[in-house]
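Since the structure comes first, as C-alpha cells, the remarks are kept for the end.
Hydrogens, waters and symmetry mates play no part in the numbers below; they use all other heavy atoms, side chains included. Every chain is numbered from 1 and lettered A, B, ... according to where its sequence line falls, protein lines coming before strand lines.
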Protein chains: 2
Amino acid sequence: MRVSELGRATGVDVETIRYYEKEGLLPAPARAANGYRHYDEAHLERLTFIRHCRALDMSLAEIRHLLDFVAHPQADCGEINRLVDEHLERVRARLKSLNALENQLVALRASCGTGHVAADCGILHELEAAAHGEACVCHPAGKGHPAVITRKAKER
Amino acid sequence: MRVSELGRATGVDVETIRYYEKEGLLPAPARAANGYRHYDEAHLERLTFIRHCRALDMSLAEIRHLLDFVAHPQADCGEINRLVDEHLERVRARLKSLNALENQLVALRASCGTGHVAADCGILHELEAAAHGEACVCHPAGKGHPAVITRKAKER
DNA sequence: TGAAAACCTTGTAGTCACTACAGGGTCAAC
DNA sequence: GTTGACCCTGTAGTGACTACAAGGTTTTCA
C-alpha cells in the first residue's frame, strides 16, 4: 500500500500519517526504489489502533504508552487501567467545568434582550461590572470568581 | 502600577500581560524613563474584563470583538448576542461529545479487571479488536464508529 | 561600598496535534 | 511531450500562552 491508499483505507490524512511516523507512533515502512513508502497490514492495524484511541481523545503520549504494552504483553496491566482511569478523570473534570460554563453563559445571555445599542447591552454591562469587581450574573458572589483562569478551564 | 503589581492585582502572569499587549488586547501603557511599563486603573479594568471573558472560555478573537463594542457603544448590540449564542453553541456541542466520550471510556474501563498481564487485558483486547475492524465496547456496531476523528472530538 | 536578589526589558523558541505550503521528483495516461 | 496525479523532504503556521536567554535597573542588606 502506498501512503495515499493507507490514508483512504483509514480515513487519515496523508500528512498526518507521515507525522505519526516522525513522532515514532507508526513504524517506518519499507521504501520502493523511488523512495515511496510501502505499508502492509500491520501498519494499517497500528494506524487504526492509534485513530481509535484518538477518537477516545487520548493524547499521543498516552497512545505511545499503550503501544508499549502491545509490544510487551508480559507486563502487568495495572498501568493500563491507571492510564484509562486518569484519562476518564480528566474527561469528567472537563465535563464538570463545561457544565458550569454553560450555566454561566445562559445567565449572561439572558441579561440582554434584542435590538438596542451596545451602550445599553446587558451582556456588556455584566462583563464590565465584573471588570469593576462587582458581582455578575455569570459568576455570582460567593460562588467563587475565577480571576485566575483555572487549569480545568484551560486543559484541552 | 508596574507590570508585576498589575499581575498581582489581577492574578495574571506577567508574561501573559505582555502577550496581551503584543496581541493588541491591552493598550500599550506609558513608559517610565527607564523603559518600565506603567499601568493605570483603565488597564486594570480592561485586563479584568479580558480575564473574565477568558474564564467564560471565550477566544482572544471573540474578546477582541467584544472590546470593539466597548469602544463603540453606539453600535447595534445584536452582534454581541450572536457572539454569545455561537459561543454557547460550541460549548454545548463540546459537552455533548464529552458526554459520549465518558460513556465510551467507562465501557472500555469495565472490560478489564485487575492484576493480570497485559496480554490478557480486556482494554488492550478491545482496542486491538477495534483496530481489526471488529465491534468494540466503546464504539458498538451500528452506533457509528469514528474512523476519522470528527471536528467535535477535536475542537477545544 | 559592594554584592546579591528581585525586578524590568526584548526577542525567540517551545507546547500539542496537526495542517498547509514550497520546491522539488516520479509515474501513468493521452 | 505534456498534463495531472501522485510522492518526497523540510519548514512554518495555528492558539494561548509559557519558558528561557541575555541583558539593564533597582532595592535590600551586610
Would the distance check show the side chain of [X] and the main-chain N or O of [Y] forming a donor-acceptor pair, the cut-off being under 3.5 Å?
X: A:His65; Y: A:Ala61; answer: no
X: B:His87; Y: B:Glu62; answer: no
X: A:Glu45; Y: B:Ala131; answer: no
X: A:His72; Y: A:Asp68; answer: yes

Nucleotides 8-12 of chain C: which of its N/O atoms have a protein N/O under 3.5 Å away?
| unit_1 | atom_1 | unit_2 | atom_2 | d |
| --- | --- | --- | --- | --- |
| C:dC8 | OP1 | B:Ser4 | N | 3.1 |
| C:dC8 | OP1 | B:Ser4 | OG | 2.8 |
| C:dT9 | OP1 | B:Arg37 | N | 2.8 |
| C:dT9 | OP1 | B:Arg37 | NH1 | 2.9 |
| C:dT9 | OP2 | B:Arg18 | NH1 | 2.5 |
| C:dT9 | OP2 | B:Arg37 | NH1 | 3.3 |
| C:dT9 | O5' | B:Arg37 | NH1 | 3.4 |
| C:dT9 | O3' | B:Arg31 | NH1 | 3.4 |
| C:dT10 | OP1 | B:Arg31 | NH1 | 3.4 |
| C:dT10 | OP1 | B:Arg31 | NH2 | 3.0 |
| C:dT10 | OP2 | B:Arg37 | NH1 | 3.0 |
| C:dT10 | OP2 | B:Arg37 | NH2 | 2.7 |

What is the distance from [atom1] of [X] to [atom2] of [N], rounded to the nearest Å?
X: A:Tyr39; N: D:dC8; atom1: OH; atom2: C1'; value: 12 Å
X: A:Met58; N: C:dC18; atom1: CE; atom2: P; value: 14 Å
X: A:Glu23; N: C:dG14; atom1: CD; atom2: C1'; value: 13 Å
X: B:Arg51; N: D:dA16; atom1: CZ; atom2: P; value: 12 Å
X: A:Leu26; N: C:dA17; atom1: CG; atom2: P; value: 16 Å
X: B:Ile17; N: D:dC17; atom1: CD1; atom2: P; value: 12 Å
X: B:Asp57; N: D:dA16; atom1: CG; atom2: C1'; value: 11 Å
X: B:Leu60; N: D:dA16; atom1: CG; atom2: P; value: 4 Å

Report task. Please tell me which of A:Ala33 and A:Tyr19 maps to the more 5' nucleotide of DNA chain C, matching each residue to the nucleotide holding its nearest heavy atom. Result ->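 Its nucleotide being nearer the 5' end, the pick is A:Tyr19.
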Side-chain donor-acceptor distances from residues 28-39 of chain A under 3.5 Å, at least two apart:
| unit_1 | atom_1 | unit_2 | atom_2 | d |
| --- | --- | --- | --- | --- |
| A:Arg31 | NH1 | A:Gly35 | O | 2.9 |
| A:Asn34 | OD1 | A:Tyr36 | N | 3.0 |
| A:Arg37 | NE | A:Glu21 | OE1 | 2.8 |

Query raised in the report: Between B:Val12, B:Leu66, B:Ile63, which is the residue that forms a side-chain contact (heavy atoms from CB on, under 4.5 Å) with B:Ile50?
Result: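 Of all the options given, the one that passes is B:Ile63.
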